[in-house]
Amino acid sequence: MAAYIIANGAAAYDHEVTIFHTFWGLNAIRKDEPITLKKGFLEKMFSKMMPRGADKMGLSKMNFAGMGPQMIKHVIKKHNAMTLPQLIEMAQEQEIKLVACTMTMDLLGLQEKELLDNIEYAGVAAYLGDAEEGNVNLFI
């Protein structure tokens with residue numbers, strides 16, 4: 001969530017922004033609905049273990065057996081703040097470059113059909129290339 005708040009703020013100030021999603025971050029750009037694909041045993045297990053979509057993600061170490069995300073959603077609603085799915089949608093509207101790490105996708109058995117539309121796919125070299133050209137680089 002923090003990455004998307006910072007990214008949307010930077011894009012609002014006309015900065016060119018890229019968000020590179022790897023490992024747990026890939027779950028934020030997974031589609032909510034299950035996609036039927038041919039996968040091996042391990043890939044199926046990873047798919048079941050990982051949350052499907054930004055709204056299903058845990059809250060880091062403050063998960064508290066599922067209560068943490070419900071508590072933060074309540075606070076977000078109370079303060080009329082944007083949810084993570086809304087921040088992702090805003091990022092896409094602001095043409096923030098959302099990149100999925102292809103190496104991690106291969107490791108976890110994720111396929112392009114499982115991720116949101118209008119996502120770019122690249123490896124760490126592409127991320128480093130973007131980061132090298134930028135004035136600010138954040139890894140959360």
Side-chain angles (χ1 to χ4, degrees):
M1 189 165 199
Y4 276 93
I5 291 169
I6 294 167
N8 279 303
Y13 283 101
D14 290 327
H15 292 278
E16 194 174 312
V17 180
T18 299
I19 302 177
F20 186 76
H21 300 79
T22 188
F23 288 96
W24 192 254
L26 286 170
N27 297 316
I29 56 174
R30 276 182 86 188
K31 291 179 180 172
D32 293 335
E33 68 276 358
I35 308 292
T36 304
L37 298 167
K38 186 175 182 173
K39 292 186 173 194
F41 176 75
L42 286 176
E43 289 86 2
K44 286 179 186 176
M45 294 307 294
F46 280 128
S47 288
K48 289 185 187 300
M49 290 172 21
M50 295 172 13
R52 187 175 286 115
D55 207 36
K56 302 262 186 334
M57 293 179 70
L59 192 61
S60 184
K61 290 185 178 190
M62 295 181 3
N63 196 42
F64 301 123
M67 286 179 49
Q70 297 308 317
M71 290 166 56
I72 196 69
K73 286 176 186 177
H74 172 74
V75 170
I76 287 169
K77 188 175 183 177
K78 180 179 173 185
H79 291 277
N80 203 26
M82 295 181 82
T83 64
L84 181 54
Q86 291 170 325
L87 290 167
I88 293 170
E89 184 178 332
M90 178 187 265
Q92 289 182 309
E93 289 170 1
Q94 293 195 90
E95 298 180 4
I96 291 174
K97 188 168 142 183
L98 304 180
V99 182
C101 178
T102 52
M103 182 202 71
T104 306
M105 287 176 66
D106 288 344
L107 289 174
L108 300 178
L110 287 172
Q111 298 177 26
E112 290 183 19
K113 292 177 183 177
E114 295 177 87
L115 301 183
L116 299 175
D117 296 332
N118 302 315
I119 301 293
E120 295 185 30
Y121 300 89
V124 71
Y127 164 71
L128 292 173
D130 281 350
E132 188 173 49
E133 293 175 13
N135 292 327
V136 177
N137 181 29
L138 306 170
F139 185 85
I140 300 172

Enquirer: In terms of hydrophobic clusters joined by side-chain contacts under 4.5 Å, are Y121 and M103 together?
Expert: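 They do not share one cluster, since no chain of ILVMFWY contacts under 4.5 Å joins Y121 to M103.
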
Enquirer: Provide the closest heavy-atom pair for C101 versus L26 in the form atom of the first, atom of the second, distance.
Expert: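 Closest heavy-atom pair between C101 and L26: N-CD2, 4.0 Å.
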
Enquirer: If I take atom CD1 from residue I76 and atom CG from residue L84, how far apart are they, to the nearest 0.5 angstrom?
Expert: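 That separation rounds to 8.0 Å.
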
Enquirer: Quick one: does E133's side chain get under 4.5 Å of T18's, heavy atoms only?
Expert: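 E133 vs T18: side chains apart.
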
Enquirer: Quick one, M105 and E112 - any side-chain contact, counting heavy atoms below 4.5 Å?
Expert: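 Answer yes - side chains close enough.
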
Enquirer: State, to 0.1 Å, how close I96 and A7 come at their nearest heavy-atom pair, and which atoms those are.
Expert: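 Heavy atoms of I96 and A7 come nearest at CD1-O, 3.5 Å.
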
Enquirer: May I have the step-by-step check of side chain to side chain contact (heavy atoms under 4.5 Å, CB included) for N8 and M82, ending in yes or no?
Expert: CA-CA 11 Å; N8 279 303; M82 295 181 82; over 6 Å; no

Enquirer: Using only atom types and a distance under 3.5 Å, with no angle test, would you say the side chain of Q92 pairs donor to acceptor with the backbone of D117?
Expert: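 Yes, Q92 side chain to D117 backbone: donor-acceptor pair under 3.5 Å.
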
Enquirer: With a cut-off of 6.0 Å (strictly less than), are more than 12 heavy atoms of other residues, nucleotides or ligands near CD of E33?
Expert: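 Buried by this count: over 12 neighbours within 6.0 Å.
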
Enquirer: Return yes when atom CD of Q94 has more than 12 non-hydrogen atoms of other residues, nucleotides or ligands closer than 6.0 Å, and no otherwise.
Expert: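 For Q94, atom CD is crowded (more than 12 foreign heavy atoms under 6.0 Å).
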
Enquirer: Can you name the nearest heavy-atom pair linking L116 to A28, along with the distance?
Expert: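 L116 and A28 have their closest heavy atoms at CD1-O, 4.5 Å.
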
Enquirer: For residues W24 and L42: do they belong to one hydrophobic cluster (side chain heavy atoms under 4.5 Å, members Ile, Leu, Val, Met, Phe, Trp, Tyr)?
Expert: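 Different clusters.
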
Enquirer: What is the minimum heavy-atom distance between A54 and D32, and which atoms define it?
Expert: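 In this case the closest contact between A54 and D32 is N-OD1, 4.4 Å.
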
Enquirer: Show the nearest heavy-atom pair for residues K39 and S47, with the distance to one decimal.
Expert: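 So the minimum-distance heavy-atom pair works out to NZ-OG, 2.6 Å.
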
Enquirer: First locate atom CG of N135, then atom NE2 of H15, and finally report the distance between them rounded to the nearest 0.5 Å.
Expert: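 Answer rounded to 0.5 Å: 8.0 Å.
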
Enquirer: Going by side chain to side chain donor-acceptor pair (under 3.5 Å), name the residues that satisfy it together with N27, two or more places apart in sequence or in a different chain.
Expert: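 Here no residue qualifies.
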
Enquirer: Please say yes or no: joined through hydrophobic side-chain contacts below 4.5 Å, possibly via intermediate residues, are M1 and V75 part of one cluster?
Expert: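 Different hydrophobic clusters.
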
Enquirer: Establish whether F20 and L128 are linked, either directly or via other cluster members, by ILVMFWY side-chain heavy-atom contacts under 4.5 Å.
Expert: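 Per the 4.5 Å side-chain linkage, F20 and L128 are co-clustered.
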
Enquirer: If you round to the nearest 0.5 Å, how far is CD of E120 from CG of L98?
Expert: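 Rounded to the nearest 0.5 Å, the CG-CD separation comes to 8.5 Å.
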
Enquirer: So does I35 get a backbone contact from the side chain of K113, meaning a donor-acceptor N/O pair under 3.5 Å?
Expert: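 Not confirmed, K113 side chain does not pair with I35 backbone.
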
Enquirer: Please give me the minimum heavy-atom distance between A10 and V17, naming the atom from each residue.
Expert: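 Taking every non-hydrogen atom into account, CB-CG2, 3.8 Å.
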
Enquirer: Counting N and O atoms only, with roles assigned by atom type, does the side chain of R30 sit under 3.5 Å from a partner on the main chain of E114, one being a donor and the other an acceptor?
Expert: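 It does not hold such a pair.
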
Enquirer: For a 4.5 angstrom cut-off between non-hydrogen side-chain atoms, does Q111 reach E43?
Expert: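 Sidechains of E43 and Q111: no contact.
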
Enquirer: Can you find a pair of side-chain heavy atoms, one from L110 and one from M50, that are under 4.5 Å apart?
Expert: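 Side chain of L110 against side chain of M50, heavy atoms only: contact under 4.5 Å found.
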
Enquirer: Are the side chains of L87 and I5 in contact, using a 4.5 Å heavy-atom criterion?
Expert: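 A side-chain contact under 4.5 Å exists here.
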
Enquirer: Could you see if F23 belongs to whatever hydrophobic cluster contains Y4? Use Ile, Leu, Val, Met, Phe, Trp, Tyr and a side-chain cutoff under 4.5 Å.
Expert: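 Cluster IDs for F23 and Y4 differ.
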
